[in-house]
Amino acid sequence: MQCAKCLSLSSIWRPLFGPLRDWPLGLCDFSSLDTARDLIASDSVLPHRVAETFNLLNSKQHRWYYLKDQMPDEVLVFKSFDSKPGVATCEWTLVACLYRSFTLTKVLVSPHAAFDITPKLGPQRRRESVEVLLFVVYPENGA
Amino acid sequence: MASAMEATLWYLQDLELWKTTKPYFINVPMSAIPPGHSRSNEISVPVHDVPVHNMREEMSQIGLDTTGFTFRRHKSQIPLETLEDSPILRDEYIPEIEEWLRSSMGADIVKTITFQV
């Protein structure tokens with residue numbers, strides 16, 4: 001199925017100062033995931049609703065990245081979901097359930113985790129960062 | 001790779017349990033959890049010495065449609081040290097980010113769901 005418009009759930013993440021050396025953000029290469037095996041849907045229970053996220057099982061295939069010495073004018077852009085054909089199926093029905101559920105079999109996800117590099121570098125200024133999570137509707141042939 | 005490093009990452013433990021029981025985490029203060037009950041049934045395990053690659057050295061490997069992430073240059077007009085003030089974050093930084101995504105991605109609609117400092 002083709003879609004002229006695509007929907008992604010994207011995050012924009014940046015440190016408030018730089019270079020960031022304390023707990024940089026690690027991102028896992030989506031193409032290194034075995035989504036059927038590695039992703040375990042998990043309930044995140046909030047007072048007003050139950051959300052769902054994925055927990056990750058370890059695999060030697062996973063390929064992790066970080067942005068060394070990230071500066072405040074460098075933003076990481078990472079997706080939690082995308083309806084674009086080829087990277088995911090085009091299912092507009094997902095729009096309604098995105099708030100509650102990420103339990104979709106064909107989503108594009110970027111598992112992310114912060115990790116500690118201070119043992120190698122010595123004490124560093126504590127991380128301060130800002131993350132914005134957004135819905136993005138864009139043309140299929142764009143972005 | 002010169003600036004790849006090794007890190008300890010925490011993963012969900014690979015258990016038969018997850019075939020019959022869904023992991024959960026209850027996002028309320030511990031004080032709201034009845035005594036003797038747990039906030040979560042998740043069991044995490046550290047995996048040591050995981051290689052973590054520097055994106056700067058492998059730009060051709062990363063992209064929004066392949067790895068699911070990238071990095072871009074964006075200089076905010078908002079002094080970043082003011083973002084801990086949530087009205088400034090909400091009323092100035094968020095619109096700036098939305099407009100930047102709209103123009104840089106050619107997006108039709110950009111709508112912020114949540115944000116966190």
Side-chain angles (χ1 to χ4, degrees), chain A residues 5 8-10 12 14 16-17 26-27 29-32 40-47 55-58 62-68 70 72-79 82 84 86-87 99 108-110 112-113 115-117 120 128-139 142-143, chain B residues 3 5 7-14 18 22-28 42 44-45 47 50-58 61-62 64-76 80-81 83-84 89 93-94 97-98 100-101 105-117:
Chain A
K5 300 291 182 192
S8 79
L9 192 55
S10 298
I12 305 289
R14 67 165 17 117
L16 299 186
F17 63 87
L27 291 161
D29 179 352
F30 174 76
S31 65
S32 73
I40 306 291
S42 308
D43 281 338
S44 181
V45 183
L46 301 156
N55 265 297
L56 197 57
L57 298 180
N58 179 240
H62 293 167
R63 194 169 168 83
W64 288 88
Y65 284 91
Y66 79 116
L67 186 58
K68 188 180 184 189
Q70 184 175 4
D73 63 352
E74 295 176 313
V75 292
L76 289 170
V77 183
F78 55 95
K79 294 194 285 190
D82 199 333
K84 189 172 179 174
V87 294
Y99 269 103
L108 178 61
V109 291
S110 322
H112 62 292
F115 58 95
D116 189 5
I117 60 175
K120 294 192 177 76
E128 294 163 23
S129 60
V130 59
E131 175 173 356
V132 182
L133 175 68
L134 317 99
F135 274 126
V136 182
V137 177
Y138 66 99
Chain B
S3 54
M5 60 166 66
T8 297
L9 298 176
W10 288 77
Y11 279 90
L12 187 70
Q13 191 170 16
D14 193 356
W18 311 130
K22 193 173 182 182
Y24 66 85
F25 186 90
I26 302 172
N27 290 279
V28 297
E42 294 171 357
S44 298
V45 287
V47 179
V50 180
V52 183
H53 304 267
N54 181 8
M55 289 180 211
R56 296 186 199 281
E57 295 179 346
E58 303 188 31
Q61 302 294 315
I62 65 169
L64 283 177
D65 283 349
T66 50
T67 56
F69 57 81
T70 189
F71 72 95
R72 304 246 169 101
R73 196 158 288 277
H74 173 257
K75 189 159 177 58
S76 177
L80 295 175
E81 62 274 15
L83 294 188
E84 307 225 20
L89 178 61
Y93 182 71
I94 298 280
I97 288 294
E98 290 184 348
W100 174 68
L101 261 192
M105 290 187 70
D108 301 301
I109 303 169
V110 176
K111 180 79 188 146
T112 295
I113 303 162
T114 178
F115 49 84
Q116 188 178 344
V117 171

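Sequence lines set the chain letters: A, B, ... in the order given, protein chains first and strands last, and positions in each chain run from 1. All values derive from a computational prediction rather than experimental measurement. The figures here come from the full heavy-atom set of this structure, side chains too, leaving out hydrogens, waters and symmetry mates.
- Contact tally against chain B (heavy-atom pairs below 4.5 Å) for A:N58, A:L57, A:V130, A:L16: the top residue is A:N58.
- At a 4.5 Å heavy-atom cutoff, the contact between A:S129 and chain B is made by backbone atoms alone.
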task = Verify side chain to side chain contact (heavy atoms under 4.5 Å, CB included) between A:L27 and B:T67, making sure each step is shown before the conclusion.
result = CA-CA 9 Å; A:L27 291 161; B:T67 56; over 6 Å; no

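- Taking OG1 from B:T70 and CZ from A:F78, the interatomic distance works out to 12.5 Å, rounded to the nearest 0.5 Å.
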B:R72/A:E74 under salt bridge (charged side-chain N to carboxylate O under 4.0 Å, His left out): CA gap, chis, key distance, verdict = CA-CA 6 Å; B:R72 304 246 169 101; A:E74 295 176 313; over 6 Å; no

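- Among residues two or more places apart in sequence or in another chain, the ring-ring contact (aromatic ring centres under 6.0 Å, His included) test is passed with B:F71 by none.
- Taking both residues in full, the closest heavy atoms of B:A107 and A:V136 are given as CB-CG1, 3.6 Å, listed atom of the first, atom of the second, then distance.
- Of the inter-residue distances, the one linking A:D29 atom CG with B:I62 atom CD1 reads 9.5 Å to the nearest 0.5 angstrom.
- Across A:E128 and B:E84, no two heavy atoms sit closer than the pair OE1-OE2, 3.9 Å.
- Between B:E98 and A:I12 the shortest side-chain heavy-atom distance does not fall below 4.5 Å.
- At a 4.5 Å heavy-atom cutoff, the contact between B:Q13 and chain A is made by backbone atoms alone.
- Contact detail for B:P23 and A:A41: the closest heavy-atom pair is CD-O, 3.4 Å.
- Considering only heavy atoms from C-beta on, B:M55 comes within 4.5 Å of A:L76 through its side chain.
- Proximity to chain A (any heavy atom under 4.5 Å) is restricted, for B:I97, to the side chain, taken from C-beta onward.
- Contact record, A:L134 with B:I113: C-CD1, 4.1 Å, taken as the closest heavy-atom pair.
- Most heavy-atom pairs under 4.5 Å with chain A, from the set B:V47, B:V110, B:I109: that is B:I109.
- Side-chain contact between B:L80 and A:R14: present, with at least one pair of heavy atoms (C-beta onward) separated by less than 4.5 Å.
- Taking A:L46, A:L67, A:V132, A:I40 one by one and counting their heavy-atom pairs under 4.5 Å with chain B, the maximum is reached by A:L67.
- A:K79 places a side-chain N or O within 3.5 Å of a backbone atom of B:L64 that can act as its donor or acceptor partner.
- Exactly one residue among B:E58, B:R56, B:Q61, B:H53 makes a side-chain hydrogen bond (donor to acceptor under 3.5 Å, both in side chains) with A:Y65. That residue is B:E58.
- Counting all heavy atoms, side chain and backbone alike, A:K68 lies closest to B:N54 at N-OD1, 3.3 Å.
- By the ring-ring contact (aromatic ring centres under 6.0 Å, His included) test, B:W100 pairs with B:H74, sequence neighbours left out.
- For the atom pair CG of B:D65 and CZ of A:F30, the computed distance is 10.5 Å after rounding to the nearest 0.5 Å.
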